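Notes follow the structure.
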There are 2 protein chains.
Amino acid sequence: MVSGSSRVANAKLAAKIMSADDAAAMIRSGDTLGMSGFTGSGYPKAVPLALARRIEAAHAEGTPFHVRVWTGASTGPELDGALAKADGIELRLPYNSDPIAREKINRGTMEYLDMHLSQVAPMAWQGFLGKLDIAVIEISGIRPDGALIPSSSVGNNKTWLDRADRVILEVNRWQNEALEGMHDIYYGTALPPHRVPIPLVRPDDRIGEPTLRCDPEKIVAIVETDSPDRNLPFAPPDACANAIAGHLLEFFRHEVAKGRLPASLLPVQSGVGNIANAVLSGLIDSPFDNMTAYTEVVQDGMIDLLEAGKLRMASATAFSLSPDKAAHINDNMAFFHDRLILRPQEISNHPELVRRLGCIAMNGLIEADIYGNVNSTHIMGSRIQNGIGGSGDFARNAYVSIFMTPSIAKNGAISAIVPQASHVDHITQDVQVIVTEQGLADLRGLSPRKRADVIIANCVHPEYRDALRDYFDRARMHSYGQQSPSLPGEALSWHQRFIETGNMRA
Amino acid sequence: MVSGSSRVANAKLAAKIMSADDAAAMIRSGDTLGMSGFTGSGYPKAVPLALARRIEAAHAEGTPFHVRVWTGASTGPELDGALAKADGIELRLPYNSDPIAREKINRGTMEYLDMHLSQVAPMAWQGFLGKLDIAVIEISGIRPDGALIPSSSVGNNKTWLDRADRVILEVNRWQNEALEGMHDIYYGTALPPHRVPIPLVRPDDRIGEPTLRCDPEKIVAIVETDSPDRNLPFAPPDACANAIAGHLLEFFRHEVAKGRLPASLLPVQSGVGNIANAVLSGLIDSPFDNMTAYTEVVQDGMIDLLEAGKLRMASATAFSLSPDKAAHINDNMAFFHDRLILRPQEISNHPELVRRLGCIAMNGLIEADIYGNVNSTHIMGSRIQNGIGGSGDFARNAYVSIFMTPSIAKNGAISAIVPQASHVDHITQDVQVIVTEQGLADLRGLSPRKRADVIIANCVHPEYRDALRDYFDRARMHSYGQQSPSLPGEALSWHQRFIETGNMRA
């Protein structure tokens, strides 16, 4: 499987190199596994597949075999897809975007704990999630002194290595050797009452070490691999995404003109996806220079901004690049190496740092209601799409919290703006701006009723605007209270209609 | 009105002493006023009454007169009550508990912006709330050098004094002179990109100055008063409150035994109210010593804990004491002076500090749903009760976030646990424990469906348990998705039934 020289430069550890099957044989049913992986980057690619084979064999013999799987965020088909397909996951946290796992969750056959990404490591340390048996971590190499060179994501790897009883490493030679030195692993966290200020005041600051520590006695297996991360290509921005980006750039220009944002903006956080990527692309032609990003993932649009000289640097916890862009980075590592920093997700998403830096948070949504409560996770209130991810870490602590969405979905069968959100991930206090291709609603300083006026006027698709206005007008007359007028007998009727007819329209 | 020697020890400022009517005459219709006041403590008591008289006179002549009122949190009848009665408030932020103002808000004749209390000062600095015309601040004295000695609350006073064009001071000689030195006013905040770590690592730390700064040129009027804060007495704990406190203390003992909490616990945050007070009282007989509080307000129960030697010190932004307890503190100031610290609410509630200290957050609720989404603000989804206050600042960043409530209200016509929350202030990720007199639901590490099982089994009143179980069972069969099973056509029917019949019961 592996050609060329080994990347395991420590002799004692090299003695632990074995096959993925032998490593997977060390995992028992009932174990809790802490795996690497964040947005399709840096997840282990051989051991989970070997484990899935073991689980399928056990199940074929009628023997139960289930594990609990903790990661950074989403991973790839070789991990979540394979283990879910094998019916091997009892509980999954903190984020999933794998379609097979999603289907099992929504059928009720897999437990899924959807967490704030900044809180996974602290809650694990606090003992709230139970015991961690085995860490399975992809790295890009082992130095002669035994230090581990991280791979294309950091995620919760530091915490899994610290907390697990035993460690299995995958050393992936597909990962660029020049990743070394790009990471910043902070070892200053602690449990209260021993926590201290995190000494980061600019997105550029390095506050930790370039490598991961691991007690060599805990390392029970090392598996060498040569497998690519499986990130998906982005769709090119369409007219809708471009319209959203246009409204948002106009807002930024206005805020700079009013003196409410510096001319280089503030550190940008951008959710993952095509619209977020379109906004980043739009910044290339903007008047803003010397920008920075303090965010979860480095996306294609940020690479373009770096090359255009608009973005000075980007800090994240993982790459989330299309295959073409990943190849481009690998070919131009000399340029990118010192302009990118990958940190533990506890740090990339830390409320303390998001608030201090004053991030501009830009996240997508599934639906918002007329008051600006945002549902980021549950379709029709019950069916999980992906998860809250880091959106809550950023939205509540941002300088300004922006949510973006096309105004309709499924060819108009779904309105992204509804009378009442069927599930709430972001409350009105954490949502200052909503943007659709129809326009932008600036909700700062407005009471709920005024928020509703602006959202209905600026963001709703024309096909749904009259119905929403009618609902709000009747709620203004008949509601139990008038702070946030609502009609509970009707507030979720659009969702019920969609479930029954496949269409929210009356 | 004032007897004895003046507390305005600066001669230049003493020349600005005038009557409340003369001071109120400087306020124009359309002004935005930044007033002191937090939970019935330290609010101006003479100028708002004089302003209310002016407004009533103007209205009697058919002249419109409205102001926008910003405060720390709730105030007293002389401020919110009088101005609301005069129909003089166009917009109120960030918190209200005055019954007259509440009624106007819920009739739709007053705008109310319900904010995270930690975010008021930063959003004002960021320019998101508009311009601040006049600060009206109660203090307990002015030193010879012109420094202002704060009163029984700090709230947003620093920010209002910094940001307002003009300043009116009320110097209240009713406030104990020994308050001097109890405050810690931090002057290290800034707008990004210039924010730095806040250097507080223990609740005891003093990081600022004992007095408020104010450019004397901006001070246009000083009014001397001698009026008590109007805090309400607490009800003595009833059987329900004692049962809730008992479940919670058992939980703390269990967590200490498991090594998940230190023997002196972690800094306690406690919402305002009778149940919170009962929990604090319960801690007197607990095995926990050397405790601290890092919270919004100092309540009666904390005073008892300090005197019992269980609590080492308490940090807050305001007093919220019954008249008896306030008198008791005044009589024993030598004991209490160095055991209490009052800070700006931006610091008392700061996410950075709440997370660093690892606060144990204990807050009340109006309703929770079977997944543990919490509604803290809106009765039947539309009628505002008070506001979110600091609960969001603490719940999201706490070491463990606890919500407490009696399982029923209005003699059983309302269940505190419902199929779906009619409004959401705290999402499932921010709610780790729910306690009613029925029992405690420890939700840590559980997926939504398991959360529902535990909440229904442990927290719901027997009168509602079967109905809730039946709803959940049917949702398990018929829901669109099974991550958080729900039936949108029925999820808010309990609220609709209450609105129509005055009873949630079928």
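All chains are named by letter (A, B, ...) in the order of the sequence lines, taking the proteins before the strands, and each is independently numbered beginning at 1. Note that the structure is a prediction, hence the values are computed from the model and not measured.
- Most heavy-atom pairs under 4.5 Å with chain A: of the set B:Ser486, B:Pro199, B:Gly481, this distinction falls to B:Gly481.
- Residue pairs meeting the salt bridge (charged side-chain N to carboxylate O under 4.0 Å, His left out) criterion with at least one member in residues 256-267 of chain B, sequence neighbours excluded, are B:Glu255-B:Arg260.
- Looking at B:Glu500, neither its backbone nor its side chain comes within 4.5 Å of chain A, counting heavy atoms on both sides.
- Between chain A and the residues B:Pro488, B:Gly358, B:Gly392, the largest count of heavy-atom pairs under 4.5 Å involves B:Pro488.
- For the atom pair CD (B:Gln482) and OG1 (A:Thr109), the distance works out to 10.0 Å, reported to the nearest 0.5 Å.
- Closest non-hydrogen pair, B:Gly445 versus A:Leu129, comes out as CA-CD2, 4.2 Å.
- Heavy atoms closer than 4.5 Å to chain A are found in the side chain of B:Ala491, but not in its backbone.
- A:Arg449 and B:Ile105 get closest at one heavy-atom pair: NH1-O, 3.6 Å.
- Between B:Ile198 and A:Pro197 there is no side-chain heavy-atom pair separated by less than 4.5 Å.
- Chain A forms more heavy-atom pairs under 4.5 Å with one residue of B:Arg356, B:Arg383, B:Arg444 than with any other, namely B:Arg356.
- Applying the ring-ring contact (aromatic ring centres under 6.0 Å, His included) criterion to A:His350, with sequence neighbours excluded, gives no partner residue.
- The shortest non-hydrogen separation linking B:Phe498 to A:Tyr480 is CE2-OH, 3.6 Å.
- Between chain A and the residues B:Asp114, B:Ile379, B:Leu91, the most heavy-atom pairs under 4.5 angstrom are made by B:Asp114.
- Checked by atom type and distance alone, the side chain of B:Glu111 never pairs as donor or acceptor with a backbone atom of A:Leu446 at under 3.5 Å.
- Ranked by non-hydrogen atom pairs under 4.5 Å with chain B, the options A:Arg202, A:Arg107, A:Arg102 are led by A:Arg107.
- Listed for the A:Gln420 side chain is a donor-acceptor partner under 3.5 Å among the backbone atoms of B:Ser422.
- For the pair B:Lys450/A:Leu113, no side-chain contact is recorded, criterion being any heavy-atom separation below 4.5 Å from C-beta on.
- For the set B:Ile388, B:Val400, B:Asn397, the count of heavy-atom pairs under 4.5 angstrom toward chain A peaks at B:Ile388.
- A donor-acceptor distance shorter than 3.5 angstrom exists from the side chain of A:Arg195 to the backbone of B:Arg355, with no hydrogens or angles considered.
- Here the closest non-hydrogen pair linking A:Tyr112 and B:Gln483 is O-NE2, 3.0 Å.
- Interatomic distance, B:Asp425 CG to A:Thr428 OG1, rounded to the nearest 0.5 Å: 7.5 Å.
- Contact check for A:Glu490 versus B:Gln496: no side-chain heavy atoms found under the 4.5 Å cut-off.
- A donor atom on one side chain and an acceptor atom on the other are not found under 3.5 Å apart for A:Asn373 and B:His423.
- Between A:Arg396 and B:Asp430, the shortest heavy-atom distance links the atoms NH1-OD2, 4.2 Å.
- Contact of B:Asp442 with chain A is not made at all, since no heavy-atom distance falls under 4.5 Å.
- For a residue to count as touching a neighbouring chain, one of its non-hydrogen atoms must lie under 4.5 Å from one of that chain's; by this rule A:Met110 touches chain B with the backbone only.
- A:Asp369 does not touch chain B: none of its heavy atoms, backbone or side chain, sits under 4.5 Å away.
- Neither the backbone nor the side chain of A:Arg451 comes within contact range of chain B; no heavy atom of the residue lies under 4.5 Å from a heavy atom of that chain.
- Note that the OG atom of A:Ser479 and the CG atom of B:Asn106 stand 8.5 Å from one another [nearest 0.5 Å].
- B:Gln126 contributes a side-chain N or O that, together with a main-chain N or O of A:Tyr399, makes up a donor-acceptor pair within less than 3.5 Å.
- Counting heavy-atom pairs under 4.5 Å between each of B:Ser118, B:Ala190, B:Pro267, B:Cys359 and chain A puts B:Ser118 at the top.
- Two residues are said to be in side-chain contact when any heavy atoms from C-beta on lie closer than 4.5 Å; B:Ile427 and A:His116 meet this criterion.
- For the pair A:Gln429 and B:Met115, the tightest heavy-atom approach, listed with the atom from each and the gap, is CG-CA, 4.2 Å.
- Under a 3.5 Å cut-off, the side chain of A:Ser382 and the backbone N or O of B:Pro485 do not form any donor-acceptor pair.
- To the nearest 0.5 Å, atom OG of residue B:Ser484 and atom CD1 of residue A:Ile384 are 6.5 Å apart.
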